Amino acid sequence: MLDKKFIRENPDQVRETFQKRGLAPDLEAFLSLEAKRLVLLQEVENLRARQNQASEEIGRGKREGRKPDPELTAGLRAASEQIKADQNSLAELEKESDRLILTFPNLPHASVPPGLDARDNPEVRRIGEPRKFSFPPRPHWEVGEKLGLIDLERAARISGSSFPLFTGLGARLERALIQFMLDLHTGEHGYREIAPPLLVNAETMTGTGQLPKFAAELYRVEDPELYLIPTAEVPLVNLHREEILKMEDLPISLAAYTPCFRREAGAHGRDTRGLIRQHQFDKVELVKFTTPESSYAELEKLVGHAEEVLKRLSLPYRVICLCTGDMGFASAKTYDLEVWLPGEGEYREISSCSNCETFQARRANIRFRSAEQAKPAFVHTLNGSGLAVGRTLVAVLENFQEEDGSVTIPEALRKYMGGLEKITA
RNA sequence: GGAGAGGUGGCCGAGUGGCCGAAGGCAAGCGCCUGCUAAGCGUUUGUCCUGGGAGACUGGGACCGUGGGUUCGAAUCCCACCCUCUCCGCCA
């Protein structure tokens, strides 16, 4: 969420920035609503001030044993009615203005490259050489099904299309990847491991920006009203909702493995084969709470932590910076990591690392106090996948497949696979 | 699921209609004192919104779990809901 006062005072800047993001939220409606709201607010507060004064007067009189003037209390009763009515209209205006501002996206950081869509995302760096195959590399679903690692047909029977089902060593490999990633981030990168709830309430979803705008993406449980998390970012960022953190505790770095649930409502027909796009997938997520001064340095570190997973698995990848037109709703700056998939002959997203600055902190009311005297200020929140586990498994299957259909297990994973070096049919 | 207790500032905790944004304590800041450490003395310290001022600052309003109600006036009375704790039952 943006600062209401900032929008009121810099409407031209905000309008221009929304255009750069390729979005046109209803800024004008918001501005006129706010103008009305402020006028009414002044009126109500003036009435209130007079009411308070008169009531104090009565109180003082009563203490001195005087009876209140019935004409005066009658007048006050009328004024009280007026205040109640005005307050109701004020609440209406406020509700509407809140509703609008919750649909406004974050403003991109000055360093974000301008652009319209994914084609304008500049590559920041490219690490690792794609392997030269002596045979045509197969897509991961062929490799995985032949080896008995995944069974998407049965998954569809159990749940419907686009649900995962890992079997045998496939399930073991998925678990090995989770373990490997968590050990790396908690053991070497200084993250604290969290195992959060997977069902969360509407306030939590609003805090990170999924609601109200992206309700169609979420699985919702009716009674009681709860939502399945689309990413661990949601419970992790909300871990400190409504809190004032101590400056000396920052940055706070959290890591969590969770399944993630997405309806993928707008993605019909995309990535229908294989494990790339699923309604349920595993992810190890990294989240940081930082001061405004350090958040961009921390973003670079966070990207480095996600990259380290790929490096240790010897998976070739590249880092891109999302342009203004391709960024997510809550983000001020985003880097994507894209892993090389030889079966597809493409780099595919495997991690997205964002600095949301104060956008989520303002929604979720997460602040910190610098000096003991200073006023609390909003923290910056950062999140990144470290990494998407299913897609990492895909990358392992495709990059380490052999001509005979077997898959060599990357060195770093072997201790999590009971020492196994190769998966064969 | 049943019974009971309770939700007040960074924390603990008092407050049952006006003198309460709220005693007292802890914690923290500043000053004094003190060979060091510790103690002591004095003093200050909530959040949000909105107006004035370049600014130090200052006027007004709101906030005692949430939302309603009664009243000239509510932390305090009434209603509903949420949450926490204890005991019992059930259960991975």
Side-chain angles (χ1 to χ4, degrees), chain A residues 1-10 30-102 195-207 221-227 235 238-250 252 259 289 358 361-379:
Chain A
M1 183 164 69
L2 305 175
D3 183 10
K4 278 189 180 177
K5 202 190 289 186
F6 178 84
I7 303 178
R8 290 201 305 260
E9 288 168 2
N10 307 278
F30 174 80
L31 289 171
S32 78
L33 214 55
E34 277 295 286
K36 265 190 247 165
R37 187 176 72 86
L38 287 189
V39 170
L40 188 57
L41 181 67
Q42 277 306 317
E43 275 175 34
V44 170
E45 292 196 348
N46 288 340
L47 283 173
R48 264 250 147 92
R50 254 179 283 156
Q51 183 189 39
N52 286 344
Q53 236 176 343
S55 290
E56 255 169 64
E57 192 65 41
I58 294 174
R60 212 172 309 130
K62 208 169 181 191
R63 246 170 289 134
E64 289 160 10
R66 275 182 279 121
K67 276 258 164 88
D69 176 2
E71 222 166 283
L72 178 67
T73 51
L76 282 172
R77 197 173 306 134
S80 178
E81 293 300 317
Q82 180 65 46
I83 289 172
K84 225 169 265 180
D86 285 356
Q87 252 180 335
N88 285 338
S89 350
L90 189 63
E92 283 297 312
L93 289 173
E94 204 162 335
K95 211 169 115 192
E96 187 59 14
S97 131
D98 285 347
R99 193 186 65 76
L100 282 173
I101 199 172
L102 283 174
L198 308 180
L199 282 161
V200 302
N201 58 34
E203 290 74 38
T204 296
M205 282 297 185
T206 307
V221 175
E222 273 294 323
D223 188 21
E225 186 193 337
L226 290 169
Y227 300 82
N238 278 280
L239 192 72
H240 291 300
R241 192 169 82 216
E242 307 288 343
E243 287 185 33
I244 298 176
L245 304 169
K246 286 194 208 125
M247 178 146 177
E248 57 264 34
D249 293 337
L250 301 180
I252 293 171
F289 301 84
T358 60
R362 188 170 273 117
R363 287 176 163 240
N365 198 23
I366 308 168
R367 293 171 292 172
F368 76 104
R369 203 187 297 273
S370 45
E372 204 52 48
Q373 303 281 10
K375 290 190 72 166
F378 290 112
V379 298

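Letters A, B, ... are given to chains in the order of the sequence lines, protein chains preceding strands, and every chain is numbered from 1. It should be emphasised that the depicted structure is a prediction, and the values quoted were computed from it without experimental measurement.
Of the P atoms belonging to rU71(B) and rA56(B), the separation is 44 Å, rounded to the nearest Å. For rA74(B) and rC32(B), the C1' atoms lie 44 Å apart once the distance is rounded to whole Å. With both ends at atom C1', the span from rG55(B) to rG42(B) equals 30 Å, rounded to whole Å. Straight-line distance between the C1' atoms of rU34(B) and rG53(B): roughly 45 Å, to the nearest whole Å. Going from the P atom of rU44(B) to that of rU58(B) covers 15 Å, rounded to whole Å. Across the P atoms, rG17(B) and rG89(B) are found 42 Å apart, a figure rounded to whole Å. rC20(B) and rU76(B) have their C1' atoms separated by 10 Å, given to the nearest Å. Rounded to whole Å, the P atom of rC41(B) lies 43 Å from the corresponding atom of rU50(B).
Between the CD atom of Q42(A) and the P atom of rA62(B) there is a distance of 13 Å, rounded to whole Å. Atom pair L245(A):CG and rC11(B):P shows a separation of 13 Å (rounding to whole Å applied). Between the CZ atom of R37(A) and the P atom of rA62(B) there is a distance of 16 Å, rounded to whole Å. With rounding to whole Å, E203(A) atom CD is found 10 Å from rC82(B) atom C1'. Atom CD1 in I366(A) sits roughly 18 Å away from atom P in rU47(B) (whole-Å rounding). For E248(A) and rA27(B), the CD to C1' distance is 13 Å, given to the nearest whole Å. We find that CD of Q87(A) is positioned 13 Å from C1' of rC49(B), with the value rounded to whole Å. When rounded to the nearest whole Å, the span between CD1 of I244(A) and C1' of rC48(B) equals 11 Å.
Here K5(A) reaches the OP1 or OP2 of rU50(B): one of its side-chain N or O atoms lies under 4.0 Å away. S80(A) has a side-chain polar atom (N or O) that falls below the 4.0 Å cut-off from OP1 or OP2 of rG73(B). At the phosphate of rG73(B), OP1 or OP2 sits under 4.0 Å from a side-chain N or O atom of Q51(A). At least one side-chain nitrogen or oxygen of K375(A) sits closer than 4.0 Å to the OP1 or OP2 atom of rC48(B). Note on R369(A): a side-chain N or O is less than 4.0 Å away from OP1 or OP2 of rU47(B). Taking 4.0 angstrom as the limit, R48(A) places none of its side-chain polar atoms (N or O) nearer than this to OP1 or OP2 of rG60(B). For R77(A) and rC72(B), the shortest distance from a side-chain N or O to OP1 or OP2 is below 4.0 Å.
The pair R37(A)-E34(A) meets the salt-bridge criterion, since a charged nitrogen lies less than 4.0 angstrom from a carboxylate oxygen.
More than 12 non-hydrogen atoms from other residues, nucleotides or ligands lie less than 6.0 angstrom from NZ of K4(A). Within a 6.0 Å radius of CD in E9(A), more than 12 heavy atoms belonging to other residues, nucleotides or ligands are found.
Between E43(A) and Q82(A) the shortest side-chain heavy-atom distance does not fall below 4.5 Å. Looking at L226(A) and N201(A), their side chains come closer than 4.5 Å, going by heavy atoms from C-beta outward.
In the interface, the side chain of E45(A) is paired with the base of rG60(B) through a donor and an acceptor atom under 3.5 Å apart.
If you check rG73(B), rG51(B), rG61(B) against the side chain of N52(A), the one that comes closest is rG61(B).
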